[in-house]
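Everything on this sheet refers to the single structure shown next.
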2 protein chains.
Amino acid sequence: MADRFVRRIPEPTVVRLPVYQRALLALSAGGVQTVSSAELAEAAGVNAAKVRKDLSHLGTYGTPGTGYDVNFLLGQVRRELGLDREWQVVIVGMGNLGHALARSQRFSTQNFRAVALFDIDPDKIGEEVAGLPIRHISELQAVVGGISRSIGVIASPASVAQDVCNRLVEAGVAAILNFAPAILTVSRPLQLRQVDFSVELQVLAFYVAHPEVTVEPEDASLSGL
Amino acid sequence: MADRFVRRIPEPTVVRLPVYQRALLALSAGGVQTVSSAELAEAAGVNAAKVRKDLSHLGTYGTPGTGYDVNFLLGQVRRELGLDREWQVVIVGMGNLGHALARSQRFSTQNFRAVALFDIDPDKIGEEVAGLPIRHISELQAVVGGISRSIGVIASPASVAQDVCNRLVEAGVAAILNFAPAILTVSRPLQLRQVDFSVELQVLAFYVAHPEVTVEPEDASLSGL
DNA sequence: CATTGTGAACGCCTTCACAGCC
DNA sequence: GGCTGTGAAGGCGTTCACAATG
């Protein structure tokens, strides 16, 4: 089933691919040559059937009786995730979170690169973070306009998140990752994902407050995700 | 169907409750007294049927022909989420992210309170952030031990996340929110959630790289979540 | 008459289990 | 013998559509 033309990959699978990728990266760095679905499952915190089904969506890359070639599979997963090209990321809102994101070391290994930082506070303009100057938000259009497939990150307060979003959409970003606690509306179809600290805390609070409905983690070891 | 005894609430519903809560908070602050499922749906970026089904899991709080009383519903949602008590949060790892989290203003309105900050770097110990001193990780057990139902937040590098996790578990936290890109294993059952910046970026990259399998947002306006 | 609450239908992901292959 | 790939079964959340209701 290697290449049916329109390979529809379920979203839950897409979300697990980065986790597999990370696990494979670690295995590869450790010199491991082959993994079974069971081993990869343990490293990723899921069960083996799910790993096999997930990977089968990418192609037939395993060898019965042996498992998967770590480096080959890693390459396939990275290619599937689009990590074989560089992604340029612009960050809007250089408060603590913006600083944390800009300095994040997760960019380099994953082929994401912060290329521009923006804020609206005049006091911050010009300050350098991670080797990049903070620019005024009004320059966003000019700076981002030229980039082909960029990702915009919103790290601003919720009160201005929709405005920032509008500017990013207008500037032509291909996708937006929003850290502000706000529901955003976009005027053209683009990828939009939400990361919300306080939602996660509240979900945790719910489950602690309702131990009777607690969902137990699956499989070997009580792992997360 | 107000109070079947073991009200099992589906996890997707639990995750949406904080979003409804935020929308209701805004409506309440705006003096709105009543909302229909359609209005709440628009504010939360979901569809009306989902809102009604979700809320029906909490109880029969709506009025046919009218809608829901904003303040009453808000109270019920908050109670359900366990936000009618204060949750004490400890943060481990006071890099940029830890600072951002500690200073987050989302704590107060949601009844979450940062009560202790930890790091391992001697240079940081004693520094004050948001009115709290940074303590050495070795004090974790002593400080957290006394708290009844606390939430631990891991904002450390991935390399030490499992160690931090072990310490938190041992100290007796009721739940853990992990920001480090690592799959954690816990030795006793507790709530564990993962927030992963780079996973989100990679998912965005996937969908931008595969426009043919793009999942369109639902409903009115192209909204997030 | 607008709007809720909810059975029923639907669709989709997960899990099972095993044939097939190395 | 060990392990993959996958049809089939199962489980669960979403959506539909409408009876019930203020």
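What you see below is based on every heavy atom in this structure, not just the backbone, and it leaves out hydrogens, waters and symmetry mates. Chain letters run A, B, ... following the sequence lines, proteins first and then strands; every chain starts at 1.
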Short N/O separations, protein against nucleotides 17-19 of chain D, under 3.5 angstrom:
unit_1	atom_1	unit_2	atom_2	d
D:dA17	N6	B:R52	NH2	3.3

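- The 12-atom threshold is not exceeded at CD of B:E170, counting heavy atoms of other residues, nucleotides or ligands nearer than 6.0 Å.
- A salt bridge does not link A:R16 with A:E80: none of the charged nitrogens is closer than 4.0 Å to a carboxylate oxygen.
- One can place CG of B:L58 at 14 Å from C1' of C:dT4, the figure rounded to the nearest angstrom.
- Under the rule for a side chain to side chain contact (heavy atoms under 4.5 Å, CB included), the partners of A:S150 that lie at least two apart in sequence or sit in another chain are A:V144, A:I147, A:V173.
- B:A175 is linked by a side chain to side chain contact (heavy atoms under 4.5 Å, CB included) to A:L204, A:V208, B:I151, B:Q191, counting only residues two or more places apart in sequence or in another chain.
- For the pair B:L190/B:R188, a side-chain contact is recorded, criterion being any heavy-atom separation below 4.5 Å from C-beta on.
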Without placing hydrogens or testing angles, list every side-chain donor-acceptor pair under 3.5 Å for residues 64-77 of chain A, not counting sequence neighbours.
unit_1	atom_1	unit_2	atom_2	d
A:D69	OD1	A:N71	N	3.2
A:D69	OD1	A:F72	N	2.8
A:N71	OD1	A:S28	OG	2.6
A:Q76	OE1	A:Y61	OH	2.9
A:Q76	OE1	A:R79	NE	3.4
A:Q76	OE1	A:R79	NH2	2.5

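- With sequence neighbours excluded, no residue forms a salt bridge (Lys or Arg N to Asp or Glu O under 4.0 Å) with A:R52.
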Filtered N/O pairs between nucleotides 8-14 of chain C and protein, under 3.5 Å:
unit_1	atom_1	unit_2	atom_2	d
C:dC13	OP1	A:R8	NH2	3.4
C:dC13	OP2	A:R8	NH2	3.0
C:dT14	OP1	A:R16	NH1	2.9
C:dT14	OP2	A:R16	NH2	2.9

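- For the contact set between residues 64-75 of chain A and DNA chain D, defined by any heavy atom under 4.0 Å, the members are A:P64, A:G65, A:T66, A:G67, A:Y68.
- Rounded to whole Å, the distance from CD on A:E39 to P on D:dC3 is 8 Å.
- When all heavy atoms are compared, the tightest approach of B:N111 to B:D84 is ND2-C, 4.1 Å.
- Taking the side chain to side chain contact (heavy atoms under 4.5 Å, CB included) definition, one finds that A:E86 meets it with A:Q88, A:R113, sequence neighbours left out.
- Counting heavy atoms from C-beta outward, B:R167 and B:Q141 have side chains that stay 4.5 Å or more apart.
- Candidate nucleotides D:dT6, D:dT4, C:dG5 were compared by shortest atom distance to the side chain of B:T60, and C:dG5 ranks first.
- Contacts of A:N96 classified as side chain to side chain contact (heavy atoms under 4.5 Å, CB included), with partners at least two apart in sequence or in another chain: B:H99, B:A100, B:R103.
- Screening residues 148-186 of chain B for ring pair (Phe, Tyr, Trp, His ring centres under 6.0 Å) gives A:F197-B:F179 as the qualifying pairs, with residues at least two apart or on separate chains.
- Taking A:E39 as the reference, nothing meets the salt bridge (Lys or Arg N to Asp or Glu O under 4.0 Å) condition, with sequence neighbours excluded.
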Annotated structure of DNA chain D as dot-bracket, pair cut-off 3.5 Å, Watson-Crick or G-U only, | for inter-strand, is ||||||||||||||||||||||

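- Not one side-chain nitrogen or oxygen of A:T63 sits closer than 4.0 Å to the OP1 or OP2 atom of D:dT4.
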